[in-house]
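All chains are named by letter (A, B, ...) in the order of the sequence lines, taking the proteins before the strands, and each is independently numbered beginning at 1.
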2 protein chains.
Amino acid sequence: MITLFGSLASGNVHKVQLILRFINQPFLRVEVSQAKGETKRPELLKLNPMGKFPVLLLESGDVLSESNAILFYFAKDTRLWPDDTRTQTEVLRWLFFEQYSHEPTLAVIRHLSRYVKDPHKYTKHIQSLKPKARHALLVLEQQLQSHLWLASDRCTVADYALYPYTRTANESGFNLADYPAIEKWLSQVEAQPNFLPMGVEGAQNVQGFYEYFQGNRP
Amino acid sequence: MITLFGSLASGNVHKVQLILRFINQPFLRVEVSQAKGETKRPELLKLNPMGKFPVLLLESGDVLSESNAILFYFAKDTRLWPDDTRTQTEVLRWLFFEQYSHEPTLAVIRHLSRYVKDPHKYTKHIQSLKPKARHALLVLEQQLQSHLWLASDRCTVADYALYPYTRTANESGFNLADYPAIEKWLSQVEAQPNFLPMGVEGAQNVQGFYEYFQGNRP
């Protein structure tokens, strides 16, 4: 069975859940806790030397990493990946925006506010990220005021990539009610077939890190 | 004529020069100086609300942005973009790695060390980025010790994307002699047809920002 390594709290991991559910692909999820130091374990660095999550192990033994590359891999033959080069370029433009301007601000603020031992230590860093995160939300809001979807006149994998850390913007200190076009678009993504809300388990089976790596596979 | 907005000092802008040269596409470059505040000018935000460079204006009036999406657009029908989905996914994996882990460390250190008024103000920030930049170089070195090119057995657009800020790693405080596989790979990229070294002008014509926007086009 396809195995997804990562934590449910991660929006990058959630993207992979969303696309696997969209194509009706069952998978096993192995919990990887950053707080417990599991993200730095050699078992995982062997699978992905880049040291990032999610990591996806295919049944062939092949390994995929980088959440947006994984989205592309599974979306390629679906309606979420457009046919023409120009629209594909627009999808990729939003995927790169997500990884450079959106995730490193919104996701990092959320992480430092909620998932670290002493959030007070990061107050200054969080404050420095806030204007950049606000800019990322404003770029989305502006685009969605005049477009139904981000990269095309239809839903694409770009909408899936931008969904998780936009949906959790309130956990990053923003009020989504201030961004009405974004709120409408979030509802549209949530109305897609087999949609799974952030934080909800999409896997057929779940294993703990040590349970999995000690060979006790289902 | 295709118009490229951006500074020659930028590796992201250089990527676009590299791919336009590769396909023998002449272009005009309009200089955009961050130091002079030109990157924040409304003329450019109208072209690219994301507020990033390079920005590429096609003859049709269509606008492309995000350097790696621009690379994809022009590489799609060349040998730099592989045919099969799995290898395409690998190319994208390296492009996302570049935008998330490589550029925000190596390029930012270089910028704060060389292109700001008072680099001493950023000493602490630079020091915090150093281990991440070193990790990015080690990921490249490890991959290139066992692979001729980053994403495939042939040169792809991933090699072009990772080239600029790896070539300038010495300006980010690293010694490329410590990374022999990277050094060999840099030479391979430099041996590609129509290659242009970092910092060298590839445009047929160059205009200053105000010269261009005051309507004085060639």
> In terms of heavy-atom pairs under 4.5 Å with chain B, which of A:Tyr73, A:Phe96, A:Phe97, A:Trp94 leads?
Replying inline: A:Phe96
> By a 4.5 Å heavy-atom criterion (distance strictly below it), what part of B:Ser101 contacts chain A: side chain, backbone, both, or neither?
Replying inline: side chain
>> Working note: B:Gln17 + B:Phe27, criterion side-chain contact (heavy atoms from CB on, under 4.5 Å); need CA distance, chi angles, decisive distance, verdict.
In response: CA-CA 9 Å; B:Gln17 291 211 123; B:Phe27 62 100; 3.7 Å; yes
> Going by atom types alone, do A:His14 and A:Ser67 pair a side-chain donor with an acceptor below 3.5 Å?
Replying inline: no
> Taking B:Val139, B:Asp77, B:Leu92 one by one, which has the highest count of heavy-atom pairs under 4.5 Å against chain A?
Replying inline: B:Leu92
>> Which one wins on heavy-atom pair count under 4.5 Å against chain B: A:Ile70, A:Leu64, A:Val91, A:Thr89?
In response: A:Thr89
> Under a 4.5 Å heavy-atom cutoff, which of B:Lys76, B:Glu90, B:Gln142 has the most pairs with chain A?
Replying inline: B:Lys76
>> Taking side chain as everything from C-beta outward and backbone as N, CA, C, O, which of these in B:Gln88 sits under 4.5 Å from a heavy atom of chain A? Side chain, backbone, both or neither.
In response: both
> Side chain, backbone, both or neither: which part of B:Asp62 has a non-hydrogen atom closer than 4.5 Å to chain A?
Replying inline: side chain
>> At under 4.5 Å between heavy atoms, what parts of residues 167-182 of chain B are in contact with chain A? List them by residue number.
In response: none
>> Only pairs of heavy atoms separated by less than 4.5 Å count here; which of B:Pro49, B:Pro104, B:Ala136 has the most with chain A?
In response: B:Pro49
> Non-hydrogen atoms of chain A under 4.5 Å away: do they reach the side chain of B:Gln99, the backbone, both or neither?
Replying inline: both
> Should B:Phe5 and B:Phe209 be marked as a ring pair (Phe, Tyr, Trp, His ring centres under 6.0 Å) after you check the CA-CA gap, both sets of side-chain angles, and the distance that decides it?
Replying inline: CA-CA 9 Å; B:Phe5 298 89; B:Phe209 184 89; 8.0 Å; no
>> Determine whether A:Glu31 and A:Ser7 satisfy the following criterion, side-chain contact (heavy atoms from CB on, under 4.5 Å), listing intermediate values before the conclusion.
In response: CA-CA 5 Å; A:Glu31 178 64 25; A:Ser7 159; 3.6 Å; yes
> If every non-hydrogen atom of A:Gln188 is compared with every non-hydrogen atom of A:Trp149, which pair is closest and at what distance?
Replying inline: CB-CH2, 3.4 Å
> Has the side chain of B:His135 got a donor or acceptor atom that lies under 3.5 Å from a matching backbone atom of A:Met50?
Replying inline: yes
> Going by atom types alone, do A:Glu38 and A:Gln34 pair a side-chain donor with an acceptor below 3.5 Å?
Replying inline: no
> Can A:Phe22 and A:Phe74 be said to form a ring pair (Phe, Tyr, Trp, His ring centres under 6.0 Å), step by step?
Replying inline: CA-CA 9 Å; A:Phe22 183 82; A:Phe74 289 106; over 10 Å; no
> Does any heavy atom of chain A fall under 4.5 Å from the side chain of B:Leu95, the backbone, both, or neither of them?
Replying inline: both
>> Could you walk me through whether A:Tyr100 and A:Thr105 satisfy the side-chain contact (heavy atoms from CB on, under 4.5 Å) test, starting with their C-alpha distance in whole Å, then the side-chain angles of each, then the deciding distance to 0.1 Å, before giving a yes or no?
In response: CA-CA 9 Å; A:Tyr100 196 91; A:Thr105 56; over 6 Å; no
> Which class fits the ring pair B:Trp81 and A:Phe72: parallel under 30°, tilted 30 to 60°, perpendicular over 60°?
Replying inline: perpendicular
> With distance as the sole criterion, is a donor-acceptor pair present between the side chains of B:Ser152 and B:His147 under 3.5 Å?
Replying inline: no
> Hey, which of B:Glu66, B:Gln143, B:Arg93 has the most heavy atom pairs under 4.5 Å with chain A?
Replying inline: B:Arg93
